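Being a predicted model, the structure only gives us computed values, none of them experimental. In this chain, numbering begins with 1 at the start of the sequence shown.
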Amino acid sequence: MPMKSLDDRIAVLLRRDRLLALGATVAMWVVLVFVLIASAPTVPSTGLFVVLAVALVLLGGLNTASAAALIRRYRLAREQVYRPDIENLDAQRAAREATRSTS
């Protein structure tokens, strides 16, 4: 099996990280909305419910913006972010194969 080029491997890692960030962000929003809905019957006043809803939107919005900024940064600095990981993985794989071949 031919080894993919470094650019291809970086693209795969970036795509995986984007999917994980998207999945985590969607899961966070689902949990936030669920908690708001589940706690709604126990909130003593409408005003407090509005405060909780605003806090939910702020928390979710800031976390979503943070995930987007992280992915944007990873895309812009993909060489610096992913190259060391790939080189370390290759070195570990080579060391493992060398150990197996000498055994």
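Under the 4.5 Å side-chain heavy-atom criterion for grouping Ile, Leu, Val, Met, Phe, Trp and Tyr, L22 is not connected to L76 through any hydrophobic cluster. V50 and L36 fall into different hydrophobic clusters, where Ile, Leu, Val, Met, Phe, Trp and Tyr residues are linked whenever their side-chain heavy atoms come under 4.5 Å apart, directly or through other members. V26 and L20 fall into different hydrophobic clusters, where Ile, Leu, Val, Met, Phe, Trp and Tyr residues are linked whenever their side-chain heavy atoms come under 4.5 Å apart, directly or through other members. Under the 4.5 Å side-chain heavy-atom criterion for ILVMFWY residues, no single connected hydrophobic cluster contains both V81 and I71. Under the 4.5 Å side-chain heavy-atom criterion for ILVMFWY residues, a single connected hydrophobic cluster contains both L59 and F49.
One N or O on the side chain of R78 and one on the backbone of R75 form a donor-acceptor pair closer than 3.5 Å. S66 contributes no side-chain N or O that, together with a main-chain N or O of L62, makes up a donor-acceptor pair within less than 3.5 Å.
At a threshold of 4.5 Å between non-hydrogen side-chain atoms, the residues T64 and M28 count as touching. Put simply, the side chain of L13 does not reach to within 4.5 Å of the side chain of Y74, judged on heavy atoms. Looking at heavy atoms from C-beta onward, Y82 lies out of side-chain contact with D7 at the 4.5 angstrom threshold.
Considering every non-hydrogen atom in both A38 and P41, the closest pair reads O-CD, 3.4 Å. Pairing each heavy atom of L56 with each of V33, the nearest pair is CD1-N, 3.9 Å. R9 and R93 make their closest contact through NH2-NH1, 4.1 Å (heavy atoms, listed as atom of the first residue, atom of the second, distance).
For the atom pair L32 CG and I37 CD1, the distance stands at 11.0 Å (nearest 0.5 Å). The CD1 atom of I10 sits 12.5 Å away from the NZ atom of K4 when rounded to the nearest 0.5 Å.
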